[in-house]
Amino acid sequence: MEQVHRFEDKLLAITLPKGVPSGQQLPLLYVLDGNAFGPLVKQAFLLQTRNSPKTGIWPAVIVAIGYDTKDAFQTESRFQDYTPERIHPGLQDQRQFMPKGGGLSTFKEQLLRIHEHITQHYPINTEKVGFLGHSLGGLCVLEMYLAATRLPFITDFLAISPSLWWDDCAFFTRMGAQSLAADKRLFIAVENDQGEMENLAKRCYDRLCQEIPKQQVAFYIGPEENHMSIVFTALSRLLRWFSQKEDAVHE
């Protein structure tokens, strides 16, 4: 069952699994770029939870965070929401189209309000809350991880092909200036482009492994994939990893 309603300037598409006893607390997965990826994640869950013991994917509440548009992506809004303020404002990026961005702090505060709203109205297992994003959304996921002390409710950070090139790779400056939260779980997936995206994702993974127990971090490189196709090939891997039971996680 899907419910769609407006929350401030966002549209939340909330999918509740069928056949779950009333009141049972369920894991929660937030999905960025909800217009594009909400339906994909929803169907991946609905089909694979038909036989969870075999697929390894268990029922969860899905909250796709999108925009009031018919387009799959709202370019200006996602750049604004998913990117931190630049620390290299004068740097000329070589990409042809580059909105200013920089509204991540505001989106972070909105996410707190969204989570408060969801937990007030739906039975959520607060010990299993995931945050999934692709590209700029993947960057947002990892930036939110760096702010984990302000977002303690997120337990699993799932980044697909994160745009770590943003602002001349300023993410790594922030990452290197703080201790990393070792009680969180992270999964990074990236296309095998043998270039910028893959190298930066691997750099992030290597840094995480220096401070976080290895069982808390996963990394996947999709062979022969591109920036969009990696979403489809990595998604079930991420969802299985997110769905892992606690006893399996710590084996």
Side-chain angles (χ1 to χ4, degrees), residues 1-20 22-49 52 57-69 71-74 77-78 80-82 103-104 106-145 147-148 150-160 184-187 231 234-236 238-243:
M1 178 178 65
E2 183 178 78
Q3 305 169 357
V4 180
H5 66 266
R6 182 181 297 277
F7 185 93
E8 299 173 5
D9 64 334
K10 301 295 190 292
L11 287 185
L12 304 181
I14 304 164
T15 301
L16 305 175
K18 298 179 181 179
V20 176
S22 178
Q24 178 178 328
Q25 293 185 332
L26 294 167
L28 168 62
L29 180 63
Y30 289 108
V31 180
L32 297 179
D33 284 316
N35 301 62
F37 299 125
L40 177 64
V41 175
K42 170 186 173 181
Q43 289 302 319
F45 264 104
L46 291 179
L47 291 174
Q48 297 189 69
T49 53
S52 293
I57 296 176
W58 301 85
V61 175
I62 305 163
V63 177
I65 304 174
Y67 301 96
D68 189 5
T69 176
D71 296 331
F73 297 100
Q74 176 55 264
S77 296
R78 66 194 298 267
Q80 181 66 16
D81 286 336
Y82 299 164
L104 182 67
T106 300
F107 180 53
K108 189 184 307 175
E109 296 305 315
Q110 185 180 49
L111 183 60
L112 286 167
R113 296 191 296 274
I114 290 174
H115 186 67
E116 181 180 5
H117 170 77
I118 294 298
T119 54
Q120 285 178 350
H121 291 87
Y122 300 94
I124 300 301
N125 176 2
T126 57
E127 296 183 357
K128 195 66 172 173
V129 178
F131 192 48
L132 169 65
H134 164 258
S135 192
L136 287 174
L139 171 67
C140 179
V141 166
L142 295 177
E143 290 282 359
M144 294 297 195
Y145 166 70
R150 296 182 61 190
L151 300 165
F153 59 88
I154 303 176
T155 63
D156 293 65
F157 295 80
L158 314 172
I160 304 177
K184 305 296 183 180
R185 303 176 71 232
L186 299 97
F187 194 125
V231 177
L235 184 58
S236 286
L238 270 75
L239 298 184
R240 283 196 301 273
W241 189 81
F242 173 68
S243 291

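By convention here, the first residue in the shown sequence is residue 1. What you see is a predicted model; the values in this text were computed from it and never measured.
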Can you name the nearest heavy-atom pair linking Gly133 to Val141, along with the distance?
N-CG2, 3.4 Å
Can a donor-acceptor pair be found, under 3.5 Å and without considering hydrogens, that links the side chain of Thr49 to the backbone of Pro59?
no
Check step by step if side chain to side chain donor-acceptor pair (under 3.5 Å) holds for Glu127 and Thr155.
CA-CA 7 Å; Glu127 296 183 357; Thr155 63; over 6 Å; no
Could you check Ile124, Leu111, Ile118 and say which one makes a side-chain contact (heavy atoms from CB on, under 4.5 Å) with Phe153?
Leu111
CG/Leu142 to CZ/Phe131 distance, rounded to the nearest 0.5 angstrom?
10.0 Å
Side chains of Gln48 and Ser236: closer than 4.5 Å at any heavy-atom pair?
yes
Validation row: Gln80, Phe107 side chains within 4.5 angstrom (heavy atoms)
no
Rounded to the nearest 0.5 Å, how far apart are NE2 of His115 and CG of Leu151?
9.5 Å
Just do the side chain to side chain contact (heavy atoms under 4.5 Å, CB included) check on Phe7 and Ile65 with the steps written out, would you?
CA-CA 9 Å; Phe7 185 93; Ile65 304 174; over 6 Å; no
Check this for me, if you would: do Asp68 and Lys10 make a salt bridge, where the nitrogen-to-carboxylate-oxygen distance has to be below 4.0 angstrom?
no
Could I get the full list of salt bridge (Lys or Arg N to Asp or Glu O under 4.0 Å) partners for Lys108, not counting sequence neighbours?
none
Could you list the residues that satisfy side chain to side chain contact (heavy atoms under 4.5 Å, CB included) with Leu16, not counting sequence neighbours?
Met1, Gln3, Ile14, Val61, Tyr122
Taking all atoms of both residues into account, what is the closest heavy-atom pair of Tyr82 and Leu136, and its distance?
CB-O, 3.5 Å
If we only count heavy atoms from C-beta on, is the Leu132 to Leu235 side-chain gap below 4.5 Å?
yes
Would you please name every residue forming a side-chain hydrogen bond (donor to acceptor under 3.5 Å, both in side chains) with Asp71, sequence neighbours left out?
none
Quick one: salt bridge (Lys or Arg N to Asp or Glu O under 4.0 Å) partners of Arg150, sequence neighbours excluded?
Glu109
Against the six-membered ring of Phe157, is Lys184 placed for a cation-pi contact (under 6.0 Å from the centre, within 45° of the normal)?
no
Compute the centroid of each ring, for His5 and then for His117, and state whether the two points are separated by less than 6.0 Å.
yes
Determine whether Val31 and Val63 make a side-chain contact, defined as any pair of heavy atoms from C-beta on separated by less than 4.5 Å.
no
Atom CG in Asp81, atom CD in Gln74: separation rounded to 0.5 Å?
10.0 Å
With side chain to side chain contact (heavy atoms under 4.5 Å, CB included) as the criterion, how do Val4 and Leu12 come out once you've worked through the C-alpha distance, each side chain's angles and the decisive distance to 0.1 Å?
CA-CA 6 Å; Val4 180; Leu12 304 181; over 6 Å; no
Strictly by salt bridge (Lys or Arg N to Asp or Glu O under 4.0 Å), give each pair with a member in residues 31-45 just once, sequence neighbours left out.
Glu2-Lys42, Asp33-Arg78
So do Arg185 and Lys128 actually touch side chain to side chain, heavy atoms under 4.5 Å?
yes
Using ring pair (Phe, Tyr, Trp, His ring centres under 6.0 Å), reason through Phe242 and Phe45 one step at a time and then give a plain yes or no.
CA-CA 12 Å; Phe242 173 68; Phe45 264 104; 7.1 Å; no
Donor-acceptor check, side chain of Asn35 to backbone of Tyr67, threshold 3.5 angstrom: yes or no?
yes
Measure the CZ-CH2 distance between Arg240 and Trp58 for me, rounded to the nearest 0.5 Å.
14.0 Å
Looking just at side-chain N and O atoms, do Asp156 and Tyr145 make a donor-acceptor pair shorter than 3.5 Å?
no
Out of curiosity, Leu104 CG to Cys140 SG, how far, rounded to the nearest 0.5 Å?
5.0 Å
Could you measure the distance from the CG atom of Leu158 to the CG atom of Leu239? Nearest 0.5 Å is fine.
8.0 Å
Using every non-hydrogen atom in the two residues, find where Ala60 and Pro17 come nearest and quote the distance to one decimal.
O-CD, 3.4 Å
What are the two closest non-hydrogen atoms of Gly34 and Ala64, and how far apart are they?
CA-CB, 3.8 Å
So, using side-chain hydrogen bond (donor to acceptor under 3.5 Å, both in side chains) as the criterion, who are the partners of Asn125 when residues are at least two apart?
none
